[in-house]
Amino acid sequence: MLEEVFREQWARVFASLVGYTGDVDVAEEAAQEAFAVAAERWSREGPPDDPGAWLVVTGRNRAIDRLRRERAHAQKIRLLDRPEPVEVTMDGTTIPDERLELFFMCCHPALAAEAQVALTLRALGGLSTAEIARAFLVGEETMKRRLSRARAKIRAAVIPFAVPRREALPARLGAVLAVLYLIFNQGYGDARAGLAAEAIRLCRVLLGLMPAEPEVAALLALMLLHDSRRAARVRDGEIVPLAEQDRGLWDTAQIREGLGLLDRALARGGGGAYTVQAAIAAHQAEERIDWPAVAALYDRLGELTGSPVVALNRAVAVAETEGPQAALALVDALDLDGYRYFHSTRAELLRRLGDVEGARAAYDRALGLTVTEAERRFLARRLRELRTGPQAPG
Amino acid sequence: MRYALLINLLPESYAGLGEEEIAAVNAEYIALRADERVIGGEQLQPAETATTVRSAGGELLVTDGPFADTKEVFGGFFIVEAADLDAALEVAARVPAVRMGGSVEVRPLVEF
């Protein structure tokens with residue numbers, strides 16, 4: 001119960017303290033102290049009427065204490081030129097929500113991509129350093145260093161705690177969305193569903209803060225539509241391709257919400273990469289997939305991103321509309337030799353064309369590049385079936 | 001907050017330019033000095049004029065040329081006084097070297 005309140009309040013409290021102190025380190029320490037005091041007091045006396053405001057005020061007072069100590073120290077060596085901090089008490093005034101500023105600071109392009117992801121999960125998700133380290137399969141010390149390097153850069157280079165100006169906003173919002181999608185995909189690639197859920201939660205927060213931005217709604221739609229198939233994606237520890245999934249396991253509430261958000265994005269003039277991807281995911285949720293429409297959407301996505309991976313996915317749609325031969329010609333023109341889905345897609349097309357030898361070689365290449373056990377099992381089964389013919393689904 | 005904008009030029013980007021075009025680029029650099037955020041800056045002579053001094057086994061070693069032989073060459077710097085990194089990056093984006101294949105490294109200065 002208390003943990004839930006903390007989880008809910010952390011980002012707001014931390015954001016407010018960064019805004020108040022202008023210093024990420026001071027804010028983090030003060031926020032942690034405020035939550036520690038709360039944990040002790042609330043379990044005795046119960047939570048106050050407005051837990052968020054209580055935490056912010058307590059955190060501010062802790063920050064003031066620290067700045068006073070630093071000031072006393074600095075005055076001795078005549079360094080710090082800050083106005084004397086004033087003690088804050090709760091006066092019922094509303095505390096502004098500064099989480100949007102926090103999003104833009106954590107996802108500033110001047111920070112390394114991995115640092116953006118870690119900071120976002122720490123600052124906005126409230127995850128502990130240990131939890132983030134586990135999610136990204138690195139040691140806790142490594143993650144601690146990564147976060148402290150990022151905080152040191154924010155401080156030294158004065159990375160702003162602010163919503164960017166209108167001209168810079170599309171690019172900077174793109175960076176925030178990219179971080180959220182990266183977190184989602186990290187959780188989607190294997191069983192770490194906690195990260196996917198966290199990415200969805202953060203995207204909801206962002207949409208609440210920027211309700212008019214079509215690409216934010218589109219990204220949330222995209223995540224929900226993909227996440228709706230989570231229970232059907234793996235069977236007996238093996239990846240199940242879309243066409244073979246048990247639709248009864250799809251989360252219909254998530255699909256409905258995703259479709260609604262896609263409509264909202266389109267109604268607001270959305271036409272960016274996330275809107276197009278969400279539209280593709282929406283088609284994939286239909287009983288009979290409209291492959292020409294999917295191919296056309298991949299065309300559009302290719303224009304927007306210039307990505308060879310998109311061209312590969314487009315070829316999969318082309319295989320359904322024009323046949324595997326046409327698709328194979330498109331795939332073979334791509335320079336994606338180190339990419340496992342390039343080889344598994346080729347293998348699938350060669351298998352459908354009756355080229356058993358070619359398919360076997362391509363499945364072998366894909367197996368060699370695969371990192372997750374669930375994918376490995378799927379590819380191994382496909383390889384076996386090449387030899388024996390497909391087994392009746394059981 | 002003060003930042004150094006370290007300008008790395010791509011010398012070959014000047015190769016095909018006529019006198020007038022070079023004068024136009026120089027004028028752009030001079031115009032940047034007029035930005036109130038730019039509080040200082042210097043242009044360096046070409047890398048061919050550089051001499052490098054180092055110590056090798058206790059001996060002073062003087063060699064011809066720049067410290068590192070790279071495609072991009074350090075060509076000069078601006079000192080910028082800006083509220084935050086975004087403001088400094090805004091000035092950096094207007095340095096002609098950026099669109100001429102070079103780059104600008106933005107580094108905060110140590111404040112004493």
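The basis for the numbers below is simple: all heavy atoms, side chains too, and nothing from hydrogens, waters or symmetry mates. Chain letters run A, B, ... following the sequence lines, proteins first and then strands; every chain starts at 1.
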Output a table of donor-acceptor pairs, distance under 3.5 Å, between side-chain atoms of residues 147-171 of chain A and any protein atom two or more places apart or on a different chain; print 'none' if there are none.
| unit_1 | atom_1 | unit_2 | atom_2 | d |
| --- | --- | --- | --- | --- |
| A:Ser148 | OG | A:Arg145 | O | 3.3 |
| A:Arg151 | NE | A:Asp25 | OD1 | 3.3 |
| A:Arg151 | NH1 | A:Glu28 | OE1 | 3.1 |
| A:Lys153 | NZ | A:Ala110 | O | 2.8 |
| A:Arg155 | NE | A:Asp25 | OD2 | 3.4 |
| A:Arg155 | NH1 | A:Asp23 | OD2 | 3.4 |
| A:Arg155 | NH2 | A:Asp23 | OD1 | 3.3 |
| A:Arg155 | NH2 | A:Asp23 | OD2 | 3.1 |
| A:Arg155 | NH2 | A:Asp25 | OD2 | 3.3 |
| A:Arg165 | NH1 | A:Glu167 | OE1 | 2.1 |
| A:Arg165 | NH1 | A:Glu167 | OE2 | 3.4 |
| A:Arg165 | NH2 | B:Glu90 | OE2 | 2.7 |

Around B:Arg94, counting heavy atoms of other residues, nucleotides and ligands shown, do more than 12 lie under 6.0 Å from its CZ?
yes
Heavy atoms only, distances under 4.5 angstrom: which of B:Ala83, B:Pro108, B:Ala87 has the most pairs with chain A? Name it, please.
B:Pro108
Are there over 12 heavy-atom neighbours, none belonging to B:Glu111, within less than 6.0 Å of that residue's CD?
yes
When rounded to the nearest 0.5 angstrom, what is the spacing between CG in B:Asp86 and CZ in A:Arg172?
5.0 Å
Just to verify, what does B:Thr49 make a side-chain contact (heavy atoms from CB on, under 4.5 Å) with, not counting sequence neighbours?
B:Gln45, B:Pro46
So for B:Leu89, is it side chain, backbone, both, or neither that comes closer than 4.5 Å to the heavy atoms of chain A?
side chain
